[in-house]
Amino acid sequence: MSVINATLINENRVIGTFKELIEIPSPSFQEQEIGRRLVEMLQRLSFEVEILDYEHSFNILARKRGSISGAASLLLSAHMDTVQSTPVALSYRHQDGLIASTGETIIGADDKSGIAEIIEALTVLEETAHPHGDIEVLFTSAEERGLYGARNVDYGKIRSRYALVLDSSGEVGRIVLAAPTHVTYRMTITGRAAHAGIEPEKGTNSIIVAARIISAIADGRLNADTTANVGIIHGGSATNIVPVETVVDGEFRSLTPATLEKLMATAFNTAKDIARKNQVKLAIQHERVYEGYRFEPADPFVQLISGAIERCRLESACVSSGGGSDANIFNQHGIMAIPLSTGMQKPHTVEEYIYTNDLLRGSLLVLEIIASLAQKR
């Protein structure tokens, strides 16, 4: 039997909250307006709110003491920014239980559906005084720019050792148990300039060498756990000059650390060999954007989440992701963070949509997990 009565979720309220949020423009590093609104909402729900500023933006951290002594503290998180701007005149339709883009803009369900579901769950807790442990809320900024907000949190301020990250697509009930390590790289190829019409033989074309490197290194889906991508290439200054410099930006991702290390070594050594044979200089920089994580279905916190999903009469699905989320950063800092689907579909596209019933289900699931964790000592 469910710990929480599903009728406590206020359908009109959660839909209204979601629609209000998606109508606030909040591209990465421009979260000020939505941040002000979220601070108001959290304070109204009896949370102590702290703004965590960093160089380019800010995160919001809120706390509320629980009514049950000894219950585990839980962190609830979602990100405030959207992958593109959602203008004031947002183009969406709401009919027949569906909120969807009209095909002109994204709607920002990634990740405002997660925020709305968290706010609704917390509102019900405030209304009902249902027993719960300590709750922390972290709304991050610039997640879409490479988890920038989460990477700039002072984790000494966070007490929770468990977290729900409401930021995954698909039907509510989907649990992301694994996500990859993500490495980005930049290769700078430096050749020799020359006049392309008068003495091209005196030049060394960096674009041609870059093309040889790109064609020789792995790209695309390499196996079930690993991907590689060359994303950006730029070089040259004019058609009558043999291009002296070309820059190639790419990335590697893998759920398996050993595979990732081997892939990087092979790609970089291949690039160095080609550069040497073509008598150009090559500089390679790389950055580990975030570390991967992997949990098992048998882990106690995962079992608690799965049980809550079943009690909400939803279908549980444990999956691996090829993308990262703030959960990657939280896990690096010792917080067992599990991403859950909010019901959003086709995020990052102008075909984005969410069923309003999934906003209710997502809110109920958050409530059920809070209540279930409170019963554990």
Side-chain angles (χ1 to χ4, degrees), residues 18-39 41-42 49-62 76-92 101 104-119 137-155 163 165-169 176 179-180 182-184 186 229 231-232 249-251 253 287-291 321-330 332-333 337 339 342 344 346-352 354:
F18 176 67
K19 291 168 71 172
E20 177 185 355
L21 293 174
I22 65 174
E23 290 174 1
I24 299 174
S26 60
S28 301
F29 303 120
Q30 298 178 42
E31 298 92 353
Q32 291 80 5
E33 184 179 353
I34 192 170
R36 284 191 292 270
R37 186 69 185 99
L38 291 174
V39 167
M41 290 180 177
L42 289 165
V49 181
E50 183 177 1
I51 302 299
L52 305 180
D53 290 310
Y54 64 94
E55 183 181 3
H56 298 293
S57 190
F58 64 94
N59 301 301
I60 297 173
L61 177 61
L76 304 173
S77 185
H79 64 87
M80 299 180 285
D81 64 314
T82 55
V83 71
Q84 299 170 2
S85 179
T86 50
V88 175
L90 183 65
S91 178
Y92 71 91
S101 169
E104 298 173 29
T105 67
I106 63 167
I107 60 171
D110 180 9
D111 190 24
K112 291 172 181 178
S113 57
I115 297 175
E117 290 166 13
I118 290 171
I119 293 295
V137 177
L138 181 62
F139 291 140
T140 62
S141 58
E143 189 270 355
E144 301 289 4
R145 291 292 188 93
L147 318 183
Y148 211 94
R151 294 164 70 186
N152 283 277
V153 170
D154 178 357
Y155 286 90
V165 179
L166 277 290
D167 184 19
S168 183
S169 60
V176 181
H182 180 197
V183 174
T184 59
R186 168 166 287 187
N229 186 57
I232 303 172
D249 292 326
E251 67 164 43
R253 302 180 191 230
E287 178 187 7
R288 298 178 83 90
V289 181
Y290 49 79
E291 298 294 330
S321 174
S325 71
D326 287 340
N328 287 71
I329 306 300
F330 300 161
Q332 284 179 231
H333 288 272
T342 68
M344 59 180 162
K346 296 189 177 182
H348 293 204
T349 76
V350 295
E351 299 175 355
E352 189 179 19
I354 188 168

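Start at 1 with the first residue, then count along the sequence. Scope of the values below: all heavy atoms of this structure, side chains included, with no hydrogens, waters or symmetry mates.
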### Message
So which atom in Ala179 and which in Gly323 form the shortest heavy-atom distance, rounded to 0.1 Å?
### Response
CB-O, 3.6 Å
### Task
Flag the pair Phe139 / Ile118 as yes when at least one side-chain heavy-atom distance between them is below 4.5 Å, and no otherwise.
yes
### Task
Check Gly146 against Val289 and note the closest heavy-atom contact, atom names and distance.
O-CG1, 4.0 Å
### Query
Tell me, do Arg253 and Asn229 make a side-chain contact under 4.5 Å, heavy atoms counted?
no
### Message
Working to the nearest 0.5 angstrom, can you tell me the gap between Leu38 CG and Ile60 CD1?
### Response
5.0 Å
### Separation of Glu20 CD from Ile115 CD1 (nearest 0.5 Å)
11.0 Å
### Query
With sequence neighbours left out, what residues match Ser91 under side chain to side chain donor-acceptor pair (under 3.5 Å)?
Thr102
### Query
Only one of His79, Glu31, Lys112, Gln32 clears side-chain hydrogen bond (donor to acceptor under 3.5 Å, both in side chains) with Ser26; which?
Lys112
### Task
Give a yes or no answer on whether the side chain of Asp249 reaches the backbone of Gly231 with a donor-acceptor pair at less than 3.5 Å.
no
### Query
Would a distance-only check, ignoring hydrogens and angles, find a side-chain to backbone donor-acceptor pair under 3.5 Å from Ser77 to Leu138?
yes
### Query
How would you list, by chain and number, every residue that makes a ring-ring contact (aromatic ring centres under 6.0 Å, His included) with Tyr290, sequence neighbours excluded?
His182
### Query
Once you round to the nearest 0.5 Å, how far does CD1 of Ile106 lie from OG1 of Thr82?
4.5 Å
### Residues that His348 engages under side chain to side chain donor-acceptor pair (under 3.5 Å), provided they are two or more places apart
Asp110, Glu144
### Query
Which value, rounded to the nearest 0.5 Å, describes the distance between Ile107 atom CD1 and Lys346 atom NZ?
12.5 Å
### Task
Rounded to the nearest 0.5 Å, what's the gap from OG1 on Thr140 to CZ on Phe58? Could you check?
10.5 Å
### Query
Between Leu42 and Ile119, is a side-chain contact (heavy atoms from CB on, under 4.5 Å) present by the stated rule, with each step listed?
CA-CA 8 Å; Leu42 289 165; Ile119 293 295; 4.2 Å; yes
### Message
Determine whether Glu352 and Tyr92 satisfy the following criterion, side-chain contact (heavy atoms from CB on, under 4.5 Å), listing intermediate values before the conclusion.
### Response
CA-CA 10 Å; Glu352 189 179 19; Tyr92 71 91; over 6 Å; no
### Task
Could you pull out all residues at least two apart from Tyr155 that satisfy side chain to side chain donor-acceptor pair (under 3.5 Å)?
none
### Query
What pairs with Glu33 under salt bridge (Lys or Arg N to Asp or Glu O under 4.0 Å), at least two apart in sequence or on another chain?
none
### Task
Please confirm whether the backbone N or O of Gly149 pairs with a side-chain atom of Asn59, one donor and one acceptor, at under 3.5 Å?
yes
## Note on the structure
On a heavy-atom basis, the closest approach of Pro180 and Gly322 is CG-O, 3.4 Å
### Task
Of all the heavy-atom pairs spanning Ala78 and Gly114, show the shortest one and how long it is.
CB-C, 4.0 Å
## Note on the structure
side chain to side chain donor-acceptor pair (under 3.5 Å) filter on Ser113, not counting sequence neighbours, yields Thr342
### Query
Just how far is it from atom CZ of Arg151 to atom CZ of Arg145, taken to the nearest 0.5 Å?
13.0 Å
### Query
So do Val165 and Val176 actually touch side chain to side chain, heavy atoms under 4.5 Å?
no
### Query
Can you check side-chain contact (heavy atoms from CB on, under 4.5 Å) on Leu21 and Ile34, steps first, answer last?
CA-CA 7 Å; Leu21 293 174; Ile34 192 170; 4.1 Å; yes
### Minimal non-hydrogen separation, Pro27 against Asp81, with atom names
C-CB, 4.1 Å
## Note on the structure
Correct closest heavy-atom pair for Ser101 and Val350 would be OG-O, 2.8 Å
